[in-house]
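These numbers come from the heavy atoms of this one structure, side chains and all, not from hydrogens, waters or symmetry mates. Letters A, B, ... mirror the listed sequences (proteins, then strands); counts begin at 1. Nothing here was measured: the structure is a model prediction, and the numbers come from that model.
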Number of protein chains: 2
Amino acid sequence: MTEPLDPDMFDPVCPSSAMPFQIGDKWTGMIVRCLAAGPRRFTELRVPLRTITPKVLTATLRAMRRDGLVTRTAYDENPPRVEYELTELGRSMLILIDAACAWSEQYLPAILEARRASELTTSGEPERLKPPITSNSQIKAHKAEITR
Amino acid sequence: MTEPLDPDMFDPVCPSSAMPFQIGDKWTGMIVRCLAAGPRRFTELRVPLRTITPKVLTATLRAMRRDGLVTRTAYDENPPRVEYELTELGRSMLILIDAACAWSEQYLPAILEARRASELTTSGEPERLKPPITSNSQIKAHKAEITR
DNA sequence: CAGAATCCTCCCGGATACTG
DNA sequence: CAGTATCCGGGAGGATTCTG
């Protein structure tokens, strides 16, 4: 079996807010990563995504199904069980996501440094760049940084 | 000199709305592409981006400056002239963007087909996936398609 | 030409229930 | 467990106008 997802793989403590890449909508990229190792069930996905609401998760998964990125399989059991799995198309996004993670891992420090050094307040458009594709090593590095 | 930007390089007629990738915020990726061939001035950037408002362009460029992606050079002339140019950091994003473009070019038809074939209305979250990283060949292919 | 200043709208998506 | 049903606020970003 596929091992359980790391609950902290998208921990809000990670530098998500600084990451300049987004795959699909806000959650799609992260969901693809969660499904990389194998099929997952609805609630299982909610764990690492943590702040996602059922409504939004449902909507996102439905959009991904419609676009042929994931399949949904409902098992007639009790309690009900539903599994989501990447299609070939969905799987093909993984290389992109990995590339984005690699880029971020390499250059994010430079961005943060530039930001620190900058006088620009970006007044109006605040210090946020759109959401998160996050690699685990990043998260850990960042955790180590803020903990110290 | 660098040749003028193709006004249609981000033509709204292109399948932007179906593209599942976004670099930075809504416009950052496109701006990086516009600057790939060399420095550009403010108004020059407005041409291919067309629907962008000065306010948003200013804000986006400022955020990009703050993050060390572009530099701004103001020439003391009359009329005023300001040029934006990619930094090394900004330039490093190009490979990512190219990869995203390549992916889209390869798989976008599959997404559109899946979408066409799908019964899912995604009721609630509509038939849109977030914005645009767009390659020229895509645009032309799509134009040819809808024109016929 | 290169923005700054205002106002305003839309809609994403979060919160909080409830159900088969 | 795997969702649906409502309600609702905030903030990105468009439209418009004005200026050095």
Suppose we screen for side-chain hydrogen bond (donor to acceptor under 3.5 Å, both in side chains). Which residues come up paired with B:Glu88, at least two apart in sequence or across chains?
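B:Glu88 satisfies side-chain hydrogen bond (donor to acceptor under 3.5 Å, both in side chains) with no residue once adjacent residues are dropped.
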
Just by modelled atom types, is the B:Ala114 backbone N or O under 3.5 Å from a matching donor or acceptor in the B:Ser118 side chain?
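It does not hold such a pair.
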
I'd like to know if the side chain of A:Trp103 and the backbone of B:Ile95 have a donor-acceptor N/O pair within less than 3.5 Å.
no

Send over the distance from [X] [atom1] to [N] [atom2], rounded to a whole Å.
| X | N | atom1 | atom2 | answer |
| --- | --- | --- | --- | --- |
| B:Ile52 | D:dG13 | CD1 | C1' | 10 Å |
| B:Lys26 | C:dC12 | NZ | P | 12 Å |
| B:Leu57 | D:dG14 | CG | P | 11 Å |
| B:Leu49 | C:dG3 | CG | P | 14 Å |
| A:Asp25 | C:dG14 | CG | C1' | 14 Å |
| B:Ile31 | D:dG13 | CD1 | P | 11 Å |

Kindly calculate the angle separating the two end axes of the helix from C:dC1-D:dG20 to C:dG20-D:dC1, each obtained from five base pairs, and round it to 10 degrees.
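Rounded to the nearest 10 degrees, the bend comes out at 50°.
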
Reading nucleotides 1-6 of chain D 5' to 3', which nucleotides get B (base under 4.0 Å from a protein heavy atom), which S (sugar-phosphate only), which -?
BSBB-B

Audit row: B:Phe42, B:Leu57, side-chain contact (heavy atoms from CB on, under 4.5 Å) steps and yes/no:
CA-CA 8 Å; B:Phe42 192 83; B:Leu57 180 54; 3.8 Å; yes

For A:Glu85 and A:Thr73, run side-chain contact (heavy atoms from CB on, under 4.5 Å): C-alpha distance rounded to whole Å, both residues' side-chain angles, the deciding distance at 0.1 Å, then the answer.
CA-CA 8 Å; A:Glu85 187 170 12; A:Thr73 313; 5.5 Å; no

Check whether any side-chain heavy atom of A:Leu61 sits under 4.5 Å from a side-chain heavy atom of A:Leu45, and report yes or no.
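Answer yes - side chains close enough.
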
Working for side-chain contact (heavy atoms from CB on, under 4.5 Å), residues A:Leu86 and A:Leu94:
CA-CA 10 Å; A:Leu86 286 182; A:Leu94 281 170; 4.2 Å; yes

Given B:Val32 and B:Val70, is the side-chain contact (heavy atoms from CB on, under 4.5 Å) satisfied, shown in steps?
CA-CA 9 Å; B:Val32 171; B:Val70 299; over 6 Å; no

